[in-house]
Amino acid sequence: MKILIVLCAFLALGSAKRLFHNDQVLRVHPTEGQRELLEKLPETFPAIDFWTGPRDKGPVDIHVPRAFVGPVKVFLNRHRINNEIFIQDLQKNIDQERSPRPEQMNLATFDYNVYHTLDEINQWIDDIVAAYSIATKKLVGSSFEGRDFHAIKLSKGFNKPAFVINCGLHAREWVNPATCLYTVKYLVEASNGASILDEMDVYVTPISNPDGYVYTWTNDRMWRKTRSDNNLICMGVDPNRNWDANWSGPGASSSSCNDAYYGPSVMSEVEVQSQADFVASIPNVQAYIDVHAYSQYWMFPYAYTYSVTADDTLLREIGLASVAAIKSVHGMTYQSGPISEVIYQASGSTADYFYDTLGIKCSFAAELRDTGRYGFTLPERFIQPTAEETFAGLEVIASYVSSGQCAN
Ligand code: ZN
């Protein structure tokens, strides 16, 4: 009987899971004039999925389901839009992304170099809090589907300024939570007076969109949004277009089926409102970073406008110092600058909200590895180097908090 139930559950899960056999990711190199054509591509092929936006600076990566690979290539070639196959078979990438690992883990055997399920990450949070007296678990909120999600507060109890690090807002970007886990590991294991924690409290939220994250494990590896049901054609809202920062403006979509859908109303997503309330409840936050992937950017406000912030000189200085520190670790090149300058105008995003509304001067948004070779399916062997270089960038931001330059 038990076997039958397990088998049925497995079959039900199997049938629900989206597969990507022979789906391709095309890297497209449009001229400026061709970007408008690309933007309209979903009107003919609604099933395509932009991994980088058609209006973003640089090449455009498009995930094309198997059935449409031929027609999309015909379209691109007919309009003489330069393109190449970047990922030949997306399912193969997904299958090779993870390696086998033991089922049971405790903190001593926890493997930071593999991707973890939400349950494993929640257990790890409890284990960290139990093992380190400087760590406490803080409830950030409860998701649309009722999952509690937490931050780890790391503090030596000095009532210092705070640095908030957020991961996992976009569900499919698995290297982000993996990097946040490593960040906590580095901070709790750091000994002697050189520790960041002597100067500030650090709050790390590994998963800020738990419903979406679970969905990428059970149903659709390429899911990006929340899982809210708004009685529209498609489910979910882009939690990085939903914030009260020029909400519904340029660089966000009004279509529920678009991955950049800004939502039925401003701050409609409980995950977004919870994070806003949580960060607002922390005294003296001087630095914030929302960690994403991929493209290798280290950015700051504004996203919603091409105008620069009042702190542009300072933020550019921190950005350049961060990417230099990142490069010194493994030689990887990250680009820094205001989001609108580095990528494209995007309304309703985290970094702008925390800068404008909460007045967090050192507000950042990062895009980790890679530059598209694997995109969202970054193999696990890259977790550690990504985390190491990211920590170097975070240390730079922390050094500006320590020196008082992020204070208001
Ligand atoms: Zn993202």
Side-chain angles (χ1 to χ4, degrees), residues 25 49-58 60-63 97 115 143 149 164-180 183 204-217 220-228 236-243 245 251-253 258-263 269 271-272 275 288-304 334-340 342-354 363-372 374-378 382-383 386-387 390 393:
V25 176
D49 166 23
F50 284 109
W51 281 15
T52 59
R55 289 279 176 184
D56 293 2
K57 302 240 167 71
V60 181
D61 297 343
I62 312 174
H63 162 212
E97 185 182 31
Y115 294 120
S143 69
F149 57 109
V164 176
I165 300 169
N166 189 69
C167 281
L169 193 59
H170 282 149
R172 63 188 172 189
E173 301 164 6
W174 283 6
V175 76
N176 308 338
T179 297
C180 254
T183 301
V204 181
T205 305
I207 299 283
S208 52
N209 173 12
D211 299 347
Y213 190 68
V214 167
Y215 199 70
T216 61
W217 282 82
D220 181 349
R221 177 65 190 85
M222 290 304 134
W223 191 260
R224 162 180 161 110
K225 301 187 286 182
T226 62
R227 292 292 300 161
S228 60
V237 167
D238 183 346
N240 204 23
R241 297 291 184 278
N242 189 235
W243 298 78
S253 174
N258 191 293
D259 261 340
Y261 174 46
Y262 52 62
E269 300 313 281
E271 297 83 0
V272 167
Q275 193 193 144
Y288 170 89
I289 187 164
D290 193 27
V291 181
H292 290 255
Y294 60 96
S295 288
Q296 297 179 194
Y297 299 143
W298 203 265
M299 303 175 293
F300 44 85
Y302 285 118
Y304 67 77
Y334 281 54
Q335 234 181 298
S336 72
I339 297 164
S340 57
V342 174
I343 310 182
Y344 174 63
Q345 224 176 338
S347 297
S349 78
T350 51
D352 284 356
Y353 177 85
F354 287 110
S363 175
F364 285 82
E367 298 278 356
L368 306 184
R369 291 193 193 190
D370 58 7
T371 54
Y374 295 101
F376 301 117
T377 62
L378 193 72
F382 296 113
I383 293 173
T386 303
T390 301

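Both ligands and their constituent atoms are indexed starting at 1 by order of listing. What you are looking at is a predicted structure, and each value in this text was computed from that prediction instead of being measured.
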query: In terms of side-chain heavy atoms, does D61 have a donor or acceptor partner in Y294 at a distance below 3.5 Å?
result: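 The criterion, which ignores hydrogens and geometry beyond distance, is satisfied for Y294 and D61.
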message: Quick check: W243 with F354 (ring centres under 6.0 Å apart)?
response: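 F354 vs W243: aromatic centres under 6.0 Å.
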query: For the side chain of T216 and the backbone of W223, is there at least one donor-acceptor N/O pair under 3.5 Å apart?
result: no
- prompt: Close to the Zn ion (ligand 1), meaning under 2.8 Å, how many protein N, O or S atoms are there?
  reply: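 For the Zn ion (ligand 1), protein nitrogen, oxygen or sulfur atoms under 2.8 Å: 4.
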message: Show me the pairs that pass salt bridge (charged side-chain N to carboxylate O under 4.0 Å, His left out) and involve residues 167-180, at least two apart or across chains.
response: D49-R172, R172-D259
query: Who passes side chain to side chain contact (heavy atoms under 4.5 Å, CB included) against P301, sequence neighbours left out?
result: T309, L315, A351, D352, Y355, S363
query: Quick one: side chain to side chain donor-acceptor pair (under 3.5 Å) partners of T390, sequence neighbours excluded?
result: none
